[in-house]
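Notes for the one structure printed next.
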Amino acid sequence: QVQFVESGGGLVQPGGSLRLSCAASGLAVDDYAIGWFRQAPGKEREGVSCISRSRYTYYAASVKGRFAISRDNAKKTVYLQMNSLKPEDTAVYYCATVSTVSNGLCVARNDAYWGQGTQVTVSS
């Protein structure tokens, strides 16, 4: 059974930092590109960042320079370090397997496995 568990979300002030973790199980995680996606209230889910098997990284324009994705295959975990957080970063953050990058955005596999999400709230 494939399972992703996201953690690390919480309430943070604008300009603050947060580190999200995505722990995978039941999956040969080193065989896949893994991405972070987010969904804010009233909005569609959007790609945030992803990392390839060779650790090449991609970022949405809205987070580039502020967020950093990394992976530890031995721990079967993907991280998202979020710095200089803004209120517009508020969303539920999910991780999933990724197929490709299109127009600068990470695209989830059609048969992607999704985690349950972790809430990130940026507010003063």
Side-chain angles (χ1 to χ4, degrees):
Q1 181 75 16
V2 176
Q3 184 177 21
F4 290 139
V5 178
E6 299 94 341
S7 62
L11 175 64
V12 65
Q13 294 183 0
S17 297
L18 216 54
R19 193 187 199 200
L20 307 184
S21 297
C22 171
S25 62
L27 179 74
V29 67
D30 54 351
D31 287 342
Y32 296 89
I34 307 294
W36 285 96
F37 302 79
R38 67 187 182 187
Q39 187 167 24
K43 296 184 178 180
E44 297 293 321
R45 186 167 58 199
E46 63 177 354
V48 176
S49 179
C50 55
I51 183 166
S52 74
R53 291 172 293 175
S54 62
R55 291 184 169 84
Y56 198 94
T57 58
Y58 302 86
Y59 299 92
S62 59
V63 307
K64 192 172 185 178
R66 299 189 297 118
F67 292 8
I69 191 170
S70 61
R71 66 191 297 165
D72 186 334
N73 290 339
K75 296 181 179 179
K76 304 187 75 172
T77 301
V78 177
Y79 305 95
L80 185 67
Q81 178 67 47
M82 305 186 295
N83 300 321
S84 301
L85 283 162
K86 303 175 180 180
E88 50 263 46
D89 295 318
T90 296
V92 178
Y93 284 70
Y94 303 88
C95 58
T97 50
V98 165
S99 65
T100 187
V101 177
S102 180
N103 296 319
L105 297 177
C106 305
V107 179
R109 293 173 60 93
N110 290 332
D111 60 350
Y113 296 99
W114 295 90
Q116 299 302 305
T118 185
Q119 175 71 50
V120 172
T121 302
V122 184
S123 177
S124 59

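Both backbone and side-chain heavy atoms feed into the values below; hydrogens, waters and symmetry mates do not.
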- [ ] Tell me, with the steps shown, if Val12 and Met82 meet side chain to side chain contact (heavy atoms under 4.5 Å, CB included).
- [x] CA-CA 11 Å; Val12 65; Met82 305 186 295; over 6 Å; no

Open item on the list: Assess the residue pair Leu27 and Thr97 against the criterion (side chain to side chain contact (heavy atoms under 4.5 Å, CB included)); give the C-alpha distance rounded to whole Å, side-chain angles, the decisive distance to 0.1 Å, and a yes or no.
Closed with: CA-CA 10 Å; Leu27 179 74; Thr97 50; 4.1 Å; yes

Open item on the list: side chain to side chain contact (heavy atoms under 4.5 Å, CB included) for Phe67 and Ser49? Distances and angles first, verdict last.
Closed with: CA-CA 8 Å; Phe67 292 8; Ser49 179; 5.7 Å; no

TODO: Show the numbers, then the answer: is there a side chain to side chain contact (heavy atoms under 4.5 Å, CB included) between Arg38 and Val63?
DONE: CA-CA 12 Å; Arg38 67 187 182 187; Val63 307; 3.9 Å; yes

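In this structure, CG on Leu80 lies 11.0 Å from OG1 on Thr118, to the nearest 0.5 angstrom.
Closest approach of Tyr59 and Ala68 over heavy atoms only: OH-CA, 3.2 Å. Counting all heavy atoms, side chain and backbone alike, Ala91 lies closest to Ala40 at CB-N, 3.8 Å. The two residues Ser124 and Pro14 have their closest heavy-atom pair at N-CD, 3.6 Å. Pairing each heavy atom of Arg19 with each of Ser70, the nearest pair is NH2-OG, 4.4 Å. Counting all heavy atoms, side chain and backbone alike, Ser102 lies closest to Val107 at CB-CG2, 3.9 Å. When every heavy atom of Tyr94 is checked against every heavy atom of Gly115, the shortest pair comes out as CD2-O, 3.6 Å.
The same ILVMFWY cluster, assembled from side-chain heavy atoms under 4.5 Å apart, contains both Tyr113 and Tyr93.
Although no hydrogens or angles enter the test, the distance criterion places no donor-acceptor pair under 3.5 Å between the side chain of Glu6 and the main chain of Leu20. Arg71 places a side-chain N or O within donor-acceptor distance of the main-chain N or O of Val29, the cut-off being under 3.5 Å. Although no hydrogens or angles enter the test, the distance criterion places no donor-acceptor pair under 3.5 Å between the side chain of Arg109 and the main chain of Ala33.
Around CG of Asp31, the count of heavy atoms belonging to other residues, nucleotides or ligands within 6.0 Å exceeds 12. Crowding of Gln116 atom CD: a count of heavy atoms from other residues, nucleotides or ligands under 6.0 Å not exceeding 12.
Residues forming a side chain to side chain donor-acceptor pair (under 3.5 Å) with Arg53 (at least two apart in sequence, or on another chain): none. Applying the side chain to side chain donor-acceptor pair (under 3.5 Å) test to Thr121 and every residue at least two apart in sequence or in another chain returns Gln119.
None of Val122, Val120, Leu85 except one satisfies the side chain to side chain contact (heavy atoms under 4.5 Å, CB included) rule with Thr90; the exception is Val122. Checking Ile69, Asn73, Asp72 one by one against Val78, the side chain to side chain contact (heavy atoms under 4.5 Å, CB included) holds for a single residue, Ile69.
Under the ring pair (Phe, Tyr, Trp, His ring centres under 6.0 Å) criterion, the residue pairs touching residues 29-58 are Phe37-Trp114, Tyr56-Tyr58, with sequence neighbours excluded.
For the pair Val98 and Ile34, the minimum side-chain heavy-atom distance is 4.5 Å or more.
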